[in-house]
Amino acid sequence: MTQPGDFDPTSLTLDDARRLFEQLQEDLRLADLAYHQNDAPEISDAEYDAKKRQYRALADNFAPLAAEATQLNSVGAPAAAGFGKITHAIRMMSLGNAFDDGDVVDFDKGLRKYLGLGATAPLAYTAEPKIDGLSLSLRYENGILKHAATRGDGETGENVTANARTIADIPQEIANAPAVLEVRGEVYMSHSDFEALNQRHAAQGGKTFANPRNAAAGSLRQLDPEITRARPLRFFAYSWGELSEALASTQFAALQRLRDMGFQTNPLTQHCETLPELIAHYRKIEEQRATLGYDIDGVVYKVDSLDLQARLGFRSTTPRWAIAHKFPAELAWTRLEGIDIQVGRTGALSPVARLHPVTVGGVVVSNATLHNEDYIVGLDSKGEEIRGGKDIRIGDWVQVYRAGDVIPKIADVDLSKRPDDSTLYTFPTHCPECDSLAVREEGDAVRRCTGGLICPAQAVEKLKHFVSRKAFDIDGLGAKQIEMFYNDPTLPIKTPADIFTLQTRDGATLARLKNREGWGDTSANNLFAAIDAKRTIPLARLIFGLGIRHVGEVGARDLALHYLDWDVIARAVDAARPAALAHRAADEAEDAERIAAAQAGRRARIKEVRDKAIATYAVDDQARSAWEDLTGIDGIGATLGLSLSDAFANPDERGAIDALRAHLTTLPPEVPTQSSPVAGKTVVFTGTLEKLTRAEAKARAESLGAKVAGSVSKKTDILVAGPGAGSKEQKARDLGIQIVDEDGWLAMIEGA
DNA sequence: GTGCCTCGAGTTCC
DNA sequence: CTCGAGGCAC
């Protein structure tokens, strides 16, 4: 990187100066924005100063630039605190997992089915070791490293550019690069470097790292890049994000391109023509694992053809065209010292194993999830035995592993070592937090506290959800602060609305806050500003933040897109209430009828019973159509509809929601403005498709903004009919809906 | 009615 | 990351 001292603007042509000038201007603008709006500077003080000096020097030396300067009067260097955020141009996905050869075979089968390939048609892969480090995305513009971001939640990561620049494996400049090039790969630390680092730290009486991965993660997240520079980090490139032009036509060739550009790619990367070759390569890498000199946790397989990758596309969080074949997890034996119950946001009672601390895969584990009461007894959800049907008792020796190398779980129990004083665990029938009855619904795996918002555990967890990253994401108000405010007698936050009245609740808020340890004017005002920043909020985030059972991130987005406005949603859900109740009554009547019929040995008269139950509720047309409109949304069914309806009808919850609404302005969702010719159209596929498989046709249509439905109705815009189309085609004809064959459809979406 | 595929919920440790 | 369950296609 250019140092402030050796920067000489007079050596530049005006064009070069302008390019640099514009880049600096943008960097400074973003840094200022990040500092003021997020209280999280994108760059360090030193870097900010250096940029500002260069910027000023350019403006002083080139008159045309001085006229354009917008950043000369902005404030000085931001205080160092945390990292800025970078939103990835293309989401950083995670990978699906295969835990044995069978999973790999299924993966290959699934791909062939999706692509419509026979069992013997060629389908080549690349296979490479999965490095156990942390992923990093590097963005180059015109060959210059612009920024580096961690994976974060896949959508937004942390800006660690200054640190990435200190890593020798990461080129600062690339010759002959595409105008836009995002390189993705793994930052890691070798075994020898890790040991040397720990020895050095130990000698200086400093902290040592538990494993190379933590050392790499800790080193990359240093606020001072000079500390990162002293840490021996390395980087393997394995993928890419946004590109202004394709790198190659295959995965393998694209990696070769990256190597030519100066990146390290893993030497064990191999092109495999067949499934047995993949497995053989996996075995080979597994054998070499101990001698590689760095940690790997499996082998990644990717479809080699980039055209096929594009056809396969993505599921919600993973690409369809890749999978990670994991090595068997490390196991460790320890004693189960006790079982505690945690109460979740929805009231779920979850048992957690308290373990005698034990090292598993380089990390000391002292807790493990036990899922639910059946799991302790040794049964899975289908009532089938797990662990050979062995139950888990307090005092037992249990075998622990970290599922996906993260979540500690119990794999086995050693009955031969069961001590005489081991105790059977009885699952509580009442909530340990509020003593309300905890019930387990028929067919449900979890027992839930019925206390609702009365239960402090549920109330706190709901608040934590409200401020969480995918909901309101209020800086400085995380889980810890929520706990503190919830339990604070002088300045309580009991409901979401309380957050927004915090500052103005009484004249003494600031004084009260400052009485607490660690709070001063600055931190209090930062918190108030962070809260104010979220008084205007995207509708989907508000809906998600309410924490209504079954309404997750996607459901909230679907609701927002359908209704576009909060009041419309509220009116619709209220209007649908009688129909929702009728629906539940019908479900209950149906269950009762089924049991009665089974006992009496006769056939259940389900339709009759349902109709009768619905009739007892005076469901008017308005209620019926509101309910049908709601549950007609793709992905929203009766369960979700009922849950929503119940939340709105519950006086406590409704009160909290209405109180909250008074403080907020909602932003309507951004309706995807795809300009494809089929955007916003509802399409139905029928008959045999010959060029695309059905799954592929659906995914492609959806990516172009079309809605794919299963049956023809008035709302259908286009019917794509292949050979063998039957009643659907007739119905479409009757309704006067546009009908095209597969080629007609492909022509329609061509070029989009 | 059955069998995918996704989404939601809950969880650990740094 | 995993499991359970909801929703939908076959």
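Only this structure's heavy atoms are used, side chains among them; waters, hydrogens and symmetry mates stay out. Within every chain, numbering begins at 1; the chains are lettered A, B, ... in the order of the sequence lines, protein sequences first and strands thereafter. Keep in mind it's a predicted model, so treat the numbers as computed, not measured.
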Winner on side-chain proximity to A:Val554, out of B:dG8, B:dA9, C:dG4, is B:dG8

Which part of the nucleic acid, if any, lies within reach of A:Phe99 when heavy atoms closer than 4.0 Å are counted: base, sugar-phosphate only, or nothing? sugar-phosphate

A:Thr346 side-chain N/O to B:dG8 phosphate OP1/OP2 under 4.0 Å: no

Under 4.0 angstrom, heavy atoms only, what part of the nucleic acid is A:Gly555 near: base, sugar-phosphate, or nothing? sugar-phosphate

Atom CG of A:Asp297 and atom P of C:dC1: how far apart are they, to the nearest Å? 9 Å

How close or far is atom P of C:dC1 from atom CG of A:Asn97, stated in whole angstroms? 6 Å

Establish, from distance only, whether the side-chain atoms of A:Arg184 and A:Ser135 form a donor-acceptor pair under 3.5 Å. no

OP1 or OP2 of C:dC3 versus the side-chain N and O atoms of A:Lys409: is any pair under 4.0 Å? yes

Are the charged groups of A:Lys390 and A:Asp412 less than 4.0 angstrom apart, N to O? yes

Do A:His325 and A:Tyr301 have ring centres separated by under 6.0 Å? yes

At under 4.0 Å between heavy atoms, what does A:Arg320 touch on the DNA or RNA strands: base, sugar-phosphate, or nothing? sugar-phosphate

Atom-to-atom span, NE2 of A:His465 to P of B:dC7 - whole angstrom: 16 Å

Does a side-chain N-to-carboxylate-O contact under 4.0 Å join A:Arg213 and A:Asp295? no

Between C:dT2 (C1') and A:Ile410 (CD1): distance, integer Å: 15 Å

Between B:dG10 atom C1' and A:Glu373 atom CD, what is the distance in whole Å? 16 Å

Applying the side-chain contact (heavy atoms from CB on, under 4.5 Å) criterion to A:Val300, which one of A:Ile323, A:Leu95, A:Ile131 satisfies it? A:Leu95

A:His371 NE2 - C:dG4 P separation (whole Å): 7 Å

Return the value, rounded to whole Å, for the distance between atom OH of A:Tyr114 and atom P of B:dC4. 17 Å

So which protein nitrogen or oxygen atoms get under 3.5 Å of nucleotides 11-14 of chain B's nitrogens or oxygens?
residue: B:dT11; atom: OP1; partner: A:Ser350; partner atom: OG; Å: 2.6
residue: B:dC13; atom: OP1; partner: A:Ser366; partner atom: N; Å: 3.0
residue: B:dC13; atom: OP1; partner: A:Asn367; partner atom: N; Å: 3.0
residue: B:dC13; atom: OP2; partner: A:Asn367; partner atom: ND2; Å: 3.0

Measure the CZ-NE2 distance between A:Phe209 and A:His201 for me, rounded to the nearest 0.5 Å. 6.0 Å

Under a 4.5 Å cut-off applied to non-hydrogen side-chain atoms, are A:Leu312 and A:Val303 in contact? yes

Measure CZ/A:Arg448 against C1'/B:dG10 and give the value in whole Å, please. 10 Å

Touch class at under 4.0 angstrom, heavy-atom based, for A:Arg549 against every strand present: sugar-phosphate

